[in-house]
Amino acid sequence: MFTNPFSRQPGEVTPDFHNPDWLEHAIFYEIYPQSFYDTNGDGIGDIPGIIAKLPYIQSLGVNTIWLNPCFSSPFGDAGYDISDFYQVAPRYGTNDDLRRLFEEARRMGIRVLLDLVAGHTSTENEWFKQSARHKRNPYSDWYIWSNNIWTRTPPGSRHQFIAGMSERNGGYMPNFFPFQPALNYGFANPDPDYPWQQPVDAPGPQAVRAELKKIIKFWLDMGASGFRVDMAASLVKDDPGSRATIQLWREVRTWLDQDYPEAVLISEWGIPERAIRAGFHIDLYLGFPGSGYISLFRKHQWGGGFGPNRRGFSFFDREGLGNIAEFLDEYGPQYAATRQAGYICLFSGNHDTSPRLGSGRSREDLKVAFAFLLSMPGVPKIYYGDEIGMAGVPGLPSKEGGYNRTEVRTPMQWDTDANAGFSTAPGEKLYLPVEANSGDRVVSEQENDPGSLLNAIRQLVIIRKTHPALANHSAFQVVYARPGRYPFAYVREGGGERVLVVVNPSSQPADVEITHEQLPPAAGAVQTIWGVQNGLKPAPTGWKITLPGISAGMYKI
Ligand code: GLC
Ligand code: CA
């Protein structure tokens with residue numbers, strides 16, 4: 001049951017770190033490099049392709065790109081298995097191409113963030129190959145190895161080991177897939193009976209920590225503006241409450257603030273209260289703990305492994321049978337605990353969340369979803385292709401460790417030419433097939449249509465940027481949110497301005513009254529700044545909201 005938890009929380013994170021000013025107006029765009037734009041006809045997107053499309057990215061109004069991993073890799077997990085952290089994968093280009101991307105983007109006012117896979121490497125990484133040798137060497141303690149292949153783990157431990165693959169007499173701990181061995185950041189409370197569990201201050205874990213900073217420094221010096229950190233909570237093992245992992249990241253942030261005060265770190269953590277305390281500027285709100293984020297858009301079909309309540313209706317389904325409280329019950333306390341100190345990133349989707357937001361949703365459904373995503377506090381993020389309502393290609397065989405995620409990783413749809421303008425390669429050579437029957441889910445078709453989703457998103461971005469009440473840190477207060485009811489209404493306030501946002505994803509009209517206690521009277525006339533004209537009107541003791549089915553409105557009051 002939703003109980004307005006938006007007041008000050010006892011566990012509120014104190015703002016210990018200074019956030020760079022540019023974050024206050026940041027809007028992110030995630031690019032999966034494989035599938036964005038191919039310039040050399042090999043069927044795989046590349047860095048020159050991203051450079052070629054910078055004017056398009058700029059036209060969206062977004063000002064920060066997050067690039068999924070683009071480093072040397074055997075691509076068992078789409079590049080999240082890195083064999084050389086200092087080298088761009090040849091299929092994407094060269095380090096110089098990436099440097100050129102940083103420079104050209106910067107000239108257009110766009111920052112580029114890379115993906116930092118901090119928790120593991122590929123088994124093909126030279127560090128791991130050395131670590132797997134019998135003879136002790138400087139890399140022996142860079143990964144977590146048991147000291148004998150038969151006895152690996154204390155009884156009851158949740159860790160698994162992979163054994164029998166190396167000259168070294170021991171098994172290694174994977175961090176994700178078996179070919180992604182965990183880097184050794186130590187154990188929070190090493191078990192003395194298992195001496196291979198090293199403390200965080202042992203030489204191996206300290207060397208790995210130093211290397212992590214070296215990687216960050218290398219790319220920042222080349223022109224990157226920061227990193228999205230993969231599985232950020234996974235570093236120190238057996239770490240109750242993530243205390244030692246939080247400490248580790250705080251150390252990184254302290255160093256960063258000194259040497260690179262404009263750089264940012266975004267965590268894939270999913271618990272903002274912890275991630276922001278750990279020094280991350282932004283946490284990606286994945287709703288790992290329960291159904292919060294999932295309940296907005298992906299409840300009925302979600303096929304992933306986390307959280308209860310995965311079946312049923314999402315709030316942004318036109319059936320009108322979703323429940324906004326499922327989201328707010330989780331998000332509310334996290335927002336309240338971090339609002340002074342950092343940002344939560346609410347996103348349209350990512351390379352892991354299937355299905356795509358556009359799957360099963362009409363253009364009008366999606367406008368309502370984006371009216372919400374682009375008016376909430378924090379740093380919003382659009383996953384490439386979601387701005388044209390791409391639906392993805394369900395049922396594809398797994399590509400590079402994608403499994404159910406493969407369907408959301410298909411090529412960007414640029415125009416109505418062959419391969420949707422993504423590549424000149426023969427269709428069967430593409431990284432993944434393009435959507436068949438994409439209809440108007442194509443950039444060129446939407447460019448000149450004033451009613452397109454693409455143009456609606458551009459308008460929403462402009463509105464966000466030009467209204468201080470909608471800035472990333474401006475206040476957020478729920479005005480109307482009833483379990484199982486529509487619409488959802490909230491106020492954003494800042495810079496001397498107050499904006500009421502109302503979203504009604506249900507196909508039924510929404511007609512509700514709210515009291516002056518919930519929404520105090522306006523000083524002047526109500527002004528519609530987006531969506532349904534005059535959807536908010538004064539009523540005798542408060543306000544009347546009248547919205548048709550599948551609509552949204554933003555009102556300056
Ligand atoms: C993160 C990435 C995902 C990857 C995994 C292992 O969750 O987003 O794509 O497979 O980490 O690195
Ligand atoms: Ca290519």
Side-chain angles (χ1 to χ4, degrees), residues 28 30-53 66-71 73-83 85 88-94 97-98 101 113-123 125 173-183 227-235 266-271 275 283-288 293 303-306 345 347 349-354 381 383-384 398-409 411-412 414 419 421-426 429-432:
F28 285 7
E30 176 186 348
I31 295 180
Y32 189 70
Q34 289 90 318
S35 296
F36 200 57
Y37 187 53
D38 171 25
T39 54
N40 63 352
D42 66 354
I44 303 180
D46 41 53
I47 292 169
I50 300 170
I51 296 173
K53 294 297 186 185
W66 153 34
L67 208 56
N68 289 109
C70 57
F71 313 105
S73 167
F75 293 101
D77 184 15
Y80 282 94
D81 46 334
I82 296 176
S83 51
F85 283 81
V88 165
R91 74 187 201 182
Y92 298 134
T94 61
D97 289 326
L98 188 52
L101 172 62
L113 311 176
L114 300 176
D115 210 311
L116 182 67
V117 186
H120 48 271
T121 71
S122 160
T123 45
N125 194 301
M173 189 189 287
N175 214 33
F176 197 68
F177 289 136
F179 51 80
Q180 288 161 308
L183 282 162
F227 296 86
R228 172 267 190 185
V229 178
D230 186 67
M231 292 176 64
S234 75
L235 304 197
I266 298 136
S267 48
E268 184 197 35
W269 197 307
I271 310 178
D283 187 34
L284 291 162
Y285 193 63
L286 301 147
F288 278 155
Y293 173 71
F306 359 85
C345 175
F347 48 85
N350 71 23
H351 61 291
D352 294 330
T353 50
S354 60
K381 193 202 77 190
Y383 180 50
Y384 83 97
S398 178
K399 176 83 173 183
E400 297 186 344
Y403 299 92
N404 63 310
R405 308 175 294 182
T406 305
E407 70 170 272
V408 305
R409 298 174 173 186
M412 179 69 177
W414 294 106
N419 302 330
F422 160 70
S423 167
T424 56
K429 284 216 138 175
L430 298 189
Y431 178 76
L432 282 170

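Basis for what follows: all heavy atoms, side chains included, without hydrogens, waters or symmetry-related copies. Start at 1 and go down the list; that is how both ligands and their atoms are numbered.
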Just which atoms of ligand 1 are under 4.0 Å from any heavy atom in [X]?
X: His120; value: 6 (C), 12 (O)
X: Asp230; value: 1 (C), 2 (C), 5 (C), 6 (C), 7 (O), 8 (O), 11 (O), 12 (O)
X: Met231; value: 6 (C), 11 (O)
X: Asp77; value: 4 (C), 5 (C), 6 (C), 10 (O), 12 (O)
X: Tyr80; value: 2 (C), 4 (C), 9 (O), 12 (O)
X: Arg405; value: 3 (C), 4 (C), 9 (O), 10 (O)
X: His351; value: 2 (C), 3 (C), 8 (O), 9 (O)

Report task. Would you check if the distance from the ring center of His351 to the ring center of Tyr384 is below 6.0 Å? Result ->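 No - the distance between ring centres of His351 and Tyr384 does not fall below the 6.0 Å cut-off.
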Query - Sidechain-backbone polar pair: Asp97 side chain, Leu101 backbone, donor-acceptor under 3.5 Å - result: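 Looks like no, no N/O pair under 3.5 Å.
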**Report entry** Closest approach to the Ca ion (ligand 2) by Asp38, given as the N, O or S atom name
**Finding:**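 Answer by atom name: OD1.
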Report task. Measuring from the Ca ion (ligand 2), name the closest N, O or S atom belonging to Asp42. Result ->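 When I compare the N, O and S atoms of Asp42, OD1 is nearest to the Ca ion (ligand 2).
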Query raised in the report: Between OD2 of Asp46 and OD1 of Asn40, what angle is found at the Ca ion (ligand 2), rounded to 10 degrees?
Result: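 It is 90°, given to the nearest 10°.
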Between [X] and [Y], is NZ or CZ placed under 6.0 angstrom from the six-membered ring centre and within 45° of the ring axis?
X: Arg91; Y: Phe75; value: yes
X: Lys53; Y: Phe36; value: no
X: Lys381; Y: Phe28; value: no

Query raised in the report: What are the two closest heavy atoms between Leu430 and Asn419, and how far apart are they?
Result: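 Reported closest heavy-atom pair: CD1-OD1, 3.5 Å.
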Report task. Over all heavy atoms of both residues, which pair between His120 and Pro181 is shortest? Give the atoms and the distance, please. Result ->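 Looking at all heavy atoms of both residues, the closest pair is CB-O, 3.0 Å.
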Query raised in the report: With a 4.0 Å heavy-atom cut-off (strictly under), which part of Glu400 contacts ligand 1: side chain, backbone, both or neither?
Result: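 No part of Glu400 comes within reach of ligand 1.
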Requested in this report: Name all residues meeting the side-chain contact (heavy atoms from CB on, under 4.5 Å) criterion together with Ile82; count only those two or more places apart in sequence or in a different chain, and write none if there are none.
Outcome: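 Expected list: Phe71, Phe85, Val117.
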Query raised in the report: Do the ring planes of Tyr293 and Tyr285 sit parallel (below 30°), tilted (30 to 60°) or perpendicular (above 60°)?
Result: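 Tyr293 vs Tyr285 ring planes: perpendicular.
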Query raised in the report: Closer than 3.0 Å to the Ca ion (ligand 2), do we get an N, O or S atom from Ile44, backbone or side chain?
Result: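 It does: Ile44 brings an N, O or S atom closer than 3.0 Å to the Ca ion (ligand 2).
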Requested in this report: Assess Thr39: does it contribute an N, O or S atom lying under 3.0 Å from the Ca ion (ligand 2)?
Outcome: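 No - counting backbone and side chain alike, Thr39 has no N, O or S atom under 3.0 Å.
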